[in-house]
Amino acid sequence: MNVNDIKRDFKKLRMPKMDISIDAGSSLDDFIQRIKKQDRVDEKYIIYNKMIPVLFGLFAITIIMILNPLKTVLLLSGMFLIFLGLFCALMRLLKDYKNISKESYDLSLLAYLKQKEERLKSWRSTSAKQQWTYIVFVSGLVLMIISHTGMWRKFGTENVILFLAGYLIILFISWVLGEYYYRKRHKKLHLPLLKTISEQINEILDRQNSTD
């Protein structure tokens, strides 16, 4: 990102909710720092709220696989799906973290703002890939329960089916609540910043069109 070019473009913009008495360079620095601050907040969210739980899950399932021999195809399939779901989730989180962390230094102000706008908009809801990853994980858990023949003998078919249904309901409620708070967080933290970014992008485009 060419700082001098950005500051030159920035001087021609009207930054909302900023003190117009300060110089354009200071306003630009404040605006960029506001974006970077949100980047750091989102990085911590991915690490502590997403990545660490997934890593713990991978560690736990690995220990289980080592300590318990896989005696049936269903058990092996369940373990594999759980591991696959967690591993894919981790890869997705690492990609999201990398997208936040990387900074481009060869962009114009317009390209920089569009890049940040695209990233923030991607947090509106969990992606289809993340949802499918969760489905794979849940499918693995179901297969592991089904493969537990001792449970069927001890508690009976009806009780196991009721347990399985209740378990799936709990997992579904957990997903719904997780999605609700995920979107609520986006509305609270990202939408105000997105509004400002969108206003600046529109003003830059309007100014470019007027000069054509």
Indicate yes or no: at least one non-hydrogen side-chain atom of [X] is less than 4.5 angstrom from one of [Y].
X      : Y      : answer
Tyr97  : Lys50  : no
Leu193 : Leu189 : no
Trp175 : Val138 : no
Tyr112 : Ile32  : yes
Arg92  : Thr133 : no

Same hydrophobic cluster for [X] and [Y], using side-chain heavy-atom links shorter than 4.5 Å among ILVMFWY?
X      : Y      : result
Phe137 : Leu177 : no
Leu94  : Val136 : yes
Leu84  : Phe59  : no
Ile201 : Leu191 : yes
Phe56  : Met144 : no

Specify the closest pair of heavy atoms between [X] and [Y], including all atoms of both residues, with the distance to one decimal.
X      : Y      : answer
Gln200 : Leu113 : CB-CD1, 3.8 Å
Val160 : Phe155 : CG2-CB, 4.2 Å
Asp96  : Gln130 : OD2-NE2, 3.9 Å
Ser101 : Glu43  : OG-OE2, 2.7 Å
Ile100 : Lys116 : O-NZ, 4.5 Å
Tyr48  : Pro53  : O-CD, 3.7 Å

Nearest-0.5 Å distance, [atom1] of residue [X] to [atom2] of residue [Y]:
X      : Y      : atom1 : atom2 : answer
Asn99  : Asp39  : CG    : CG    : 11.0 Å
Ile197 : Asn202 : CD1   : CG    : 12.0 Å
Ile35  : Asp30  : CD1   : CG    : 11.5 Å
Leu194 : Glu118 : CG    : CD    : 11.5 Å
Thr62  : Ile82  : OG1   : CD1   : 11.0 Å
Met51  : Ile46  : CE    : CD1   : 6.5 Å

* Asked: So, does Trp152 use its side chain to make a donor-acceptor pair with the main chain of Ile146 at under 3.5 Å?
  ->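 Present.
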* When you measure from the side chain of Ser147 to the backbone N and O of Leu143, does any donor-acceptor pair fall under 3.5 Å? ->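 Side chain of Ser147 to backbone of Leu143: a pair is present.
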* To do: Decide side-chain contact (heavy atoms from CB on, under 4.5 Å) for Arg34 and Lys37; before the verdict, give the C-alpha distance in whole Å, the side-chain angles of both, and the deciding distance to 0.1 Å.
  => CA-CA 5 Å; Arg34 183 182 170 193; Lys37 182 179 179 181; 5.7 Å; no
* What's the verdict on side-chain contact (heavy atoms from CB on, under 4.5 Å) for Lys121 and His190, showing C-alpha distance, side-chain angles and the deciding distance? -> CA-CA 8 Å; Lys121 283 184 175 180; His190 297 153; over 6 Å; no
* Asked: Mind checking what makes side chain to side chain contact (heavy atoms under 4.5 Å, CB included) contact with Val54, not counting sequence neighbours?
  ->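 Only Leu58, Leu86, Ala89, Leu90, Leu93 meet the side chain to side chain contact (heavy atoms under 4.5 Å, CB included) criterion with Val54.
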* Within 6.0 angstrom of Phe87 CZ, more than 12 heavy atoms from elsewhere -> no
* Asked: Taking everything shown except Phe80 itself, do over 12 heavy atoms lie less than 6.0 Å from its CZ?
  -> no
* Structure fact -> For Arg183, the side-chain hydrogen bond (donor to acceptor under 3.5 Å, both in side chains) test, sequence neighbours excluded, returns Glu179
* **Worked check of side-chain contact (heavy atoms from CB on, under 4.5 Å) between Phe31 and Thr196** => CA-CA 9 Å; Phe31 184 47; Thr196 303; 3.6 Å; yes
Lys/Arg N to Asp/Glu carboxylate O, [X] vs [Y], below 4.0 Å:
X      : Y      : answer
Glu117 : Lys114 : no
Asp42  : Arg119 : yes
Glu203 : Arg207 : no

* To do: Measure the acute angle between the ring planes of Tyr167 and Phe163, then classify it against the limits of 30° and 60° as parallel, tilted or perpendicular.
  =>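 Tyr167 and Phe163: parallel rings.
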* Give the intermediate values and the outcome of side-chain contact (heavy atoms from CB on, under 4.5 Å) for residues Glu199 and Lys195. => CA-CA 6 Å; Glu199 289 173 352; Lys195 183 175 182 294; 2.8 Å; yes
* What residue among Val41, Asn49, Ile47 forms side chain to side chain contact (heavy atoms under 4.5 Å, CB included) with Tyr45? -> Asn49
